Amino acid sequence: GAGVSQSPSNKVTEKGKDVELRCDPISGHTALYWYRQRLGQGLEFLIYFQGNSAPDKSGLPSDRFSAERTGESVSTLTIQRTQQEDSAVYLCASSLSSGQPQHFGDGTRLSIL
Amino acid sequence: QKEVEQDPGPLSVPEGAIVSLNCTYSNSAFQYFMWYRQYSRKGPELLMYTYSSGNKEDGRFTAQVDKSSKYISLFIRDSQPSDSATYLCAMSALSSASKIIFGSGTRLSIRP
C-alpha cells in the first residue's frame with residue numbers, strides 16, 4: 001500500500017462507550033506502533049508490535065486500553081468505557097523492522113463527550 | 001525533568017531566512033536522532049534520521065547532533081511558506097531502538 005492508513009479519521013462518542021481504532025500498516029512492515037497525541041503536545045508511546053506479538057505494552061495508560069494485531073498486518077486499538085481524558089489524536093506508525101525509521105498515518109481524532 | 005526538551009515556540013521568521021530548531025536531552029544512551037515535520041491534522045513525516053554524532057544534509061535541511069552537549073539541531077535554509085508546520089525531534093537508544101521518545105514540537109511559521 002501507499003502509506004499507513006487509519007480509520008476512522010474522526011470519532012465522536014459518549015463517555016462510557018467502547019471505541020475501536022484501526023491501523024493498516026505499510027505492506028511488508030513487521031513493526032507497528034501506537035501513539036497518543038494530546039492537543040499541543042508531543043507523542044506519547046502506547047504499545048509496539050513486532051509481528052503479531054507485543055514486546056512492549058508499557059505505555060498503555062490503564063487496563064481500559066488494549067491492542068491486538070493479526071496476520072502481521074492490521075492492528076486495532078480498543079478503549080473500553082471511554083473517559084473525557086481519552087480525547088486525543090491516536091497515531092499509528094509502522095517500520096520495516098524494529099529500530100528502523102517509523103512512518104505515520106494521519107491519525108484518528110477521538111472526542112469523548 | 002522530561003527526557004527530551006523542545007521549545008514549543010511559536011517561531012515566526014520571514015521567507016528566505018535560515019531557521020534553527022533545537023532539542024536537548026538527558027539520556028546519554030540515545031544514539032538514533034530524528035526530525036519529523038507535522039502539518040495541521042496530519043501525521044508526522046520523517047525528515048531526517050541520523051545515528052550518533054555529526055551532521056547530515058538533505059537539500060535545504062541539515063541535522064546536527066552534539067552528543068557531548070546532549071543537543072540536536074535542525075537547520076532549514078531558504079525557508080519557504082510551505083515549511084510552516086510543527087517540527088518534532090525524536091530519539092531512541094540502541095538497546096531499545098523501537099521506543100522513540102518525542103519532543104513536544106516547535107510550531108514554525110514562515111511569513112511570505
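Because only heavy atoms are used, hydrogens play no part in the values below, and waters and symmetry mates are left out as well, while side chains stay in. These figures come from a predicted structure and were not determined experimentally.
- Checked by atom type, the side-chain pair B:Asp66/B:Gln64 shows no donor-acceptor distance below 3.5 Å.
- Between the side chains of B:Ser52 and B:Tyr32, no donor N or O sits under 3.5 Å from an acceptor N or O.
- Side-chain contact of B:Glu15 with B:Ser79: a donor-acceptor pair under 3.5 Å is absent, judged by distance alone.
- Within residues 104-113 of chain A, the residues having any heavy atom less than 4.5 Å from a heavy atom of chain B are, in residue-number order, A:Phe104, A:Gly105, A:Asp106, A:Arg109.
- Partner of A:Glu68 under the side chain to side chain contact (heavy atoms under 4.5 Å, CB included) criterion, chosen from A:Asn52, A:Leu77, A:Thr76: A:Thr76.
- For A:Leu91, the part sitting under 4.5 Å from any heavy atom of chain B is the side chain, from C-beta outward, and nothing else.
- Residue B:Arg107: no heavy atom, backbone or side chain, is found under 4.5 Å from chain A.
- A donor and an acceptor atom, one from each side chain of B:Gln31 and B:Lys67, are located under 3.5 Å apart.
- No more than 12 heavy atoms of other residues, nucleotides or ligands shown are found within 6.0 angstrom of CD on A:Glu14.
- Only the side chain of A:Gln37 comes within contact range of chain B, judged by heavy atoms closer than 4.5 Å.
- Heavy atoms of B:Tyr36 lying under 4.5 Å from chain A belong exclusively to its side chain.
- Between B:Thr106 and B:Asp7, the side chains place no donor N or O within less than 3.5 Å of an acceptor N or O (distance only, hydrogens not considered).
- Heavy atoms closer than 4.5 Å to chain A are found in the side chain of B:Gln38, but not in its backbone.
- If you check the side chains of A:Thr78 and A:Arg64, you find no donor sitting under 3.5 Å from an acceptor.
- The contact between A:Ser58 and chain B is made entirely by side chain atoms (from C-beta outward), counting heavy-atom distances below 4.5 Å.
- A side-chain N or O of A:Tyr35 and one of A:Gln102 form a donor-acceptor pair less than 3.5 Å apart.
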